[in-house]
Structures are given as C-alpha cells and as structure tokens.
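Protein chains get the first letters and strands the later ones, always in sequence-line order, with residue 1 at the start of each.
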Amino acid sequence: MFDVNHIAKLARLGLSTEEEKKFTKELAAILAFVEKLKEVDTQNVEPTAQATGQQNVMRVDESEKQDEKTRGQILANAPETKKGFIKVKAVFE
Amino acid sequence: MDLTKLTITQAKQGLKNKEFSATELTEVFLAQIEKREKDMHAYLTVTDDLALAQAEKIDEKIAAGEEIGDLAGIPCAIKDIILLEGIKCTAGSKILENYIAPYDATVIQKLKKAGAIFLGKTNMDEFAMGSSTENSAFGPTRNPRDLQRVPGGSSGGSAAAVAAEECVFSLGSDTGGSIRQPASFCGVVGLKPTYGAVSRYGLMAMASSLDQIGPFAKNVADCKKVFDVIKGKDLKDSTSADFPQTTNYKLQTTNLKIGLPKEYFSQGIDPEVEKLVKQAIKKLADAGAEVKEINLPHTEYALACYYIIMPSEVSANLARYDGIKYGTSAISDKRFATSDLLDVYLKTRGHYFGAEPRRRIMLGTYTLSAGYYDAYYLKAQKVRTKVLQDFQKAFEQVDVILTPTSPTPAFKIGEKVDDPIKMYLSDIYTVPINLAGVPALSLSCGKIGNLPVGLQIIGKHFSEDLIFQVAGMCEELLRRP
C-alpha cells in the first residue's frame, strides 16, 4: 500500500522519522476520504482536463530576448552563479 | 472625512474635484496600515516608497490636467503570490522568503496602466494552500470583525485588508474558494472569475486547471471596476480567453430565474447561515424573481474529486522549487552540508516547505505515480466531467445559482489547524465551482453577531456581467429594512 518513504523520494522531499509517521497517518485518511469517487459510474465518460474547452493555443515559435536588467534580476535570485550562469552540482560523477 | 472608508467611485470623485491629492490619500492608508497591522497582520510587505512615488506621478498628471486611468490614485493591496517587479514575493513560504520578483504579472501591468497605487503584498496560506491563512510561514492574519477568528483563506490577507480599511481594493487568487470564502468571512465582495477570464502570467501556479485571479472590494460596483481592468486575453497565458463583449441590457428581477441546489442546503450547514441566505433569496423572490429548486447531484463527490486533481497538479507545479534556480536553498544554509544534487533537492524541499505543501505534494505524487494514475487522476477527471455537466444542465433552466459561500461563519484561530480534512470541508460549497470553471461572487447577506455571512452567486462561463447585476440587486434589496 502506501510507502511514504518511496513517495517522498519520488517527490524529492526529505522526511524525518517523526514526519514519516505523521504523514503516513494523514495521507491514509485523505486517501480513505477520496475512495468515495468509486461510487460514481464513469463508464463512457470523457475526462475533463479544464472546463472552458480551449484547445491547442499556438504562437509563433520565437524566443523573446530579455534585457540585461531582467537577466540580472533573475540571476540575483539564484543561490549560486558562475560567469553569468546558474551553477548546479555535478549530475554525474 | 475618513478617507479610508471611500469606495473607488468616491475616491476618484474626490481626486478629480481636488478635495484631496493621491499623495494625501496614500498617506492616510499608510497611516491606517501602521495603526492596524499590530492586530491584523494582513500585510507581509508594505511598499510605502513605491506607493508614494506612484501617487506623486498621479498628482502631477492631475495638476497638468492630463487624462488619468480608471483606477488612478486608488490604493490597493496584492496577494503575495502575484509578482510585482522589484518587490519581494514569498507566497507565504520560507522557500521564497528572499525572492525578489524580476517582472510584473499581467494583472499588475494592467493595474499600473490604470493608475492604481500599490500599498503592499498581503498574507496568505503557504502557496495558497489552506482556508484560514494559518498556513502562512510568517504567522496568521486576524479577522478584523473578530480578532480571535481567522479571516479565511487562502487570500485571507487580501480580504482582511479591505475589511479593515487598509486598502480600497485588493487582488487574490482562487483555486478552490480562496477568494470567496475569505470574502464571506470578512464581509467584503469577492469574485472568482471564469477560468481563463483573467491572465495568470506572473501568478505562481498552484493547480493550473483551477487557479484564477480575482478582485476583493467594499461593494459590487467597485469589484466590477477592478475586474473590467484586469480581464481579457493575454498571449503570455495560453489558457486566457477573449472576454465576450459586454451586453448593455438592463436586467429586471421579474425576468430573473434563480436556482437553489438542494445539495447546498443539507447537512453540515449552520442553521443561522441557512436562515440569512434564505432571507436574501426571499427578498429577490418578493421583488419578482422566479426561484426554483434544482439538483447538482454530483456535489457530494466534488470535494473528493478536487483532492485528487488539485494535489496532482500541485506536485507538478511545485517541482520548480528545487534550491537551484531561485528561492531559499540548502546550498547557502550553513546548517547543511550538501553532497550531491539529490541531496540539495531533499534538504531544500524537506526544510523550507511547510507541512501543507508537503502533504499535498506527496498526495499528488502518489496519485500520479505508475499504477495509480487511472484509479485516481483519470477517475477524478471523469467525475469532474459529471460535476461540469450538472452545472450545464442547471443553467439550461436558470440564469444564476444562489448558495451559501461557506457552511459556517469565520471559525476560531487554531480550531481546525490540526485536522486537514476538517479544514478541507470548509470549502465544500466553493470547490465545485472551480472544477466547472464557472464564475462566482461572494457578497455579505447579513451577520451572526459580528460575523458576516456570504451569499454565493454562480453563473455560467463568462457571465460575470450578469452576476454583477444580480449581486447589485441583492446589495440594494439587503440595504432596505
């Protein structure tokens, strides 16, 4: 059934042992609550992704050039930067 | 004259007649904020420098006799989940505690063009997840009608700021009731527009198939004025839509057909709330409106449906807070040593997200995970179709649907904070509206003691003009003894 550690890892959330217990209990209660949906007959019913029926809104495939000021503001929000780029820890060893 | 009590129309008249300047008006509101904030905590950031600089410009324009915008010189407040360039935007979360917005949201650009003055950013439940503003990482907001009670949520700060006269109007966002429920609890007018009626460019996404930005105001006319400024299609939000041309017909109560869904007047409703809502409806009936009972049979499944769709979308949208691009990061926190990229993610997201976002991220990750998608997410989307069809069928028979906004008036601070499901149930009358994408407005229809009670007016897609007319009628009828 519900493996809270597995889900937390998929969601990239670190959990303490105490939180594991708390979340297991709370999430089980919410999942029990949503079980109710099984009562609804949805045979031959199309799913609704959003309710106003808009489809495939297209635009010209062109990037918008940002000015230096915006670029600076965006970089200023990053925890670590190097030579005008956002720094990320190595993905591969 | 107490300038904090003015409506948009009155304030605009005063500015035009030079009874006071935009600077004076702004200063009065900044003083009011100073005075009230010790009790209220409606604001997370007060932007006094920005406000005074904007006011000065408006005054220059007025002095030069130039044309000024529809909201020129009118002081407002913005929920802290909508980006205002150069100003901190936290979404009520530690993970964005020091985030500075690098650009303006489309609604902000529109308000700036109309001349509105920004007093500050308002408190909210973290990432708009909650019904009381108690989930803010920076402490709760109080209800100005009773300081021991919550203002509702998640846009609690925006509703409370209008109610406490700390601004003339404000903006909030509504994913499952986050504008209407606090409007109801604080006794102000709040609109959740049709899905797509207002651009969400620059609104931090919570659940993308449900989120909408909308206004809070002191009365219906003001609410409409703000909505008219912010609505419309935006190339930067592909879900936004062209708002149909306003029809000029004048609604008569004798032509109005009102539906009362019996599912909204059943168990769980406070009898005093039911009494006040029914009294308001009776006034409309006495004025000639036709009132009939209708059915929205899938109402009882809407909340369960919402608690699958919303967390699923939350888990995807909140993946961007990773401690790399922006926001608080374990990298720069001396308490942590981070070994590799995964470790940065786990520690950043584990420490700076509060309990409710984490609960919803995990729930959504589970319902979208391999083997469970069909049973949960797809099933919920099909039930969503049934909820939408309920509304479509109802609107073949009636023009608007009237219900209570919330089953109870404002509850006490701390009362529901330890029980997620109990908290979720306070949105039972507002959630189905977001699933169906239809517009709805909450308007005060009376009080229990000091506590306001909200009447919810629901219309079909893009029928905001009709909703405003019905709300205006209610306001007028309720004013009479």
Quiz prompt | By salt bridge (charged side-chain N to carboxylate O under 4.0 Å, His left out) - contacts of A:Glu26 (at least two apart) | solution = A:Lys22, B:Arg359
Exercise. Give a yes or no on whether a salt bridge exists between B:Asp333 and B:Arg335, defined as a side-chain N under 4.0 angstrom from a carboxylate O.
Key: yes
Practice problem: Examine the side chains of B:Thr239 and A:Gln50 and answer whether a donor and an acceptor come within less than 3.5 Å of each other. | Solution: no
Quiz item: In terms of side-chain heavy atoms, does A:Thr42 have a donor or acceptor partner in B:Lys386 at a distance below 3.5 Å?
Solution: no
Please state whether the side chain, the backbone, both or neither of [X] comes within less than 4.5 Å of a heavy atom of chain B.
{"X": "A:Leu37", "result": "both"}
{"X": "A:Leu13", "result": "both"}
{"X": "A:Phe33", "result": "both"}
{"X": "A:Lys87", "result": "backbone"}
{"X": "A:Arg12", "result": "both"}

Self-check item: Contacting region of B:Ala436 [heavy-atom separation from chain A under 4.5 Å]
Solution: backbone
Quiz prompt | Part of B:Ala319 within contact of chain A (heavy atom distance under 4.5 Å) | solution = neither
Exercise. Please say whether more than 12 non-hydrogen atoms of neighbouring residues, nucleotides or ligands are located less than 6.0 Å from NZ in B:Lys416.
Key: yes
Quiz item: Among B:Ser208, B:Gly86, B:Ser240, which residue forms the greatest number of heavy-atom pairs with chain A at distances under 4.5 Å?
Solution: B:Ser240
Quiz item: Listed by residue number, which members of residues 193-202 of chain B have a heavy atom under 4.5 Å from any heavy atom of chain A?
Solution: B:Thr194, B:Tyr195
